[in-house]
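See below for the structure under consideration.
What's counted below: heavy atoms across the whole structure, side chains too, no hydrogens, waters or symmetry copies.
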Amino acid sequence: PTKRAHIDALVQKNQNPSEAITMGPAELAETVPALKKNKEWAKLGEVYAAANKALESAKYFKKAKDPKRAAEQLARAGQTVKAADMLMKAGDFNTAGRFYMEAGKFAKAAKAYTKHGNKDGAAHAYSKGKQYAKAFAAYAAYFEEPRGTKEHQMQAAKSCHELLTNEKA
């Protein structure tokens, strides 16, 4: 096969999650220059992801104007807050909220969830951040117009009840 076909095959393998592959230094050295020359940023992101080079992968996904995949790679590299900040700029507020929650940045998570319209998510984040008055207000707003399945609403009610019976709140 041609060099181009080989590169396309490597990238295609990486896009199939059932085929977890890695890319060794020799394959990386062979593949990267051709993709850089052609400014194929998304494919470079895929190649670096296959080589377990998350920060490099994020850099090229960002150049390809794919902030969601760039953020996934940043999170994979342990830069969860930076990933969440990127998602906020891209308008993916709910995912940004989850990333902020994972990083323990509860006020930022609440802001992200509020922008998304996820009032119970915001309430939960405020509660985890010990901003109880804001948590109560967010739960009150949620229960004025509850969303989601009955199970989701029951979980929100349970969380609200736990907050109401919390002696520290």
V32 and K36: CA distance, side-chain angles, deciding distance, side chain to side chain contact (heavy atoms under 4.5 Å, CB included) verdict: CA-CA 6 Å; V32 168; K36 281 184 178 178; 3.5 Å; yes

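Formation of a donor-acceptor pair under 3.5 Å by the N38 side chain with backbone atoms of E40 is not found in this model. Not one N or O on the side chain of Y126 forms a donor-acceptor pair closer than 3.5 Å with the backbone of G121. Not one N or O on the side chain of S127 forms a donor-acceptor pair closer than 3.5 Å with the backbone of A123. No donor-acceptor distance shorter than 3.5 angstrom exists from the side chain of T95 to the backbone of D92, with no hydrogens or angles considered. Between the side chain of E56 and the main chain of G45, no donor-acceptor pair closer than 3.5 Å is present.
In this structure, A110 and A122 approach most closely via the heavy-atom pair O-CB, 3.8 Å. Across all non-hydrogen atoms, the minimal contact from P67 to L87 is O-CD2, 4.4 Å. Heavy-atom minimum distance, Y113 versus A125: CD1-CB, 4.4 Å. Contact record, A71 with M86: N-SD, 3.8 Å, taken as the closest heavy-atom pair. Taking every heavy atom of both residues into account, F93 and H116 meet most closely at CB-CB, 3.7 Å.
Separation of the Y100 and F106 ring centroids does not fall under the 6.0 Å cut-off.
Here the CZ atom belonging to F136 is positioned 5.0 Å from the CG atom belonging to L164, to the nearest 0.5 angstrom. The structure places NZ of K158 at 13.5 Å from CD of E151, a figure rounded to the nearest 0.5 Å. For the atom pair CE of M101 and OG1 of T80, the computed distance is 13.5 Å after rounding to the nearest 0.5 Å. Atom NZ in K168 sits 13.0 Å away from atom CG in L163 (nearest 0.5 Å).
Of the N and O atoms on the side chains of R76 and N52, at least one donor lies less than 3.5 Å from an acceptor on the other residue.
Classified by interplanar angle (parallel below 30°, tilted 30° to 60°, perpendicular above 60°), the ring pair Y48/Y60 is parallel.
The 12-atom threshold is exceeded at NE2 of H152, counting heavy atoms of other residues, nucleotides or ligands nearer than 6.0 Å.
Ion pair D85/K108 flagged as a salt bridge, since at least one NZ, NE, NH1 or NH2 atom sits closer than 4.0 Å to an Asp/Glu carboxylate oxygen.
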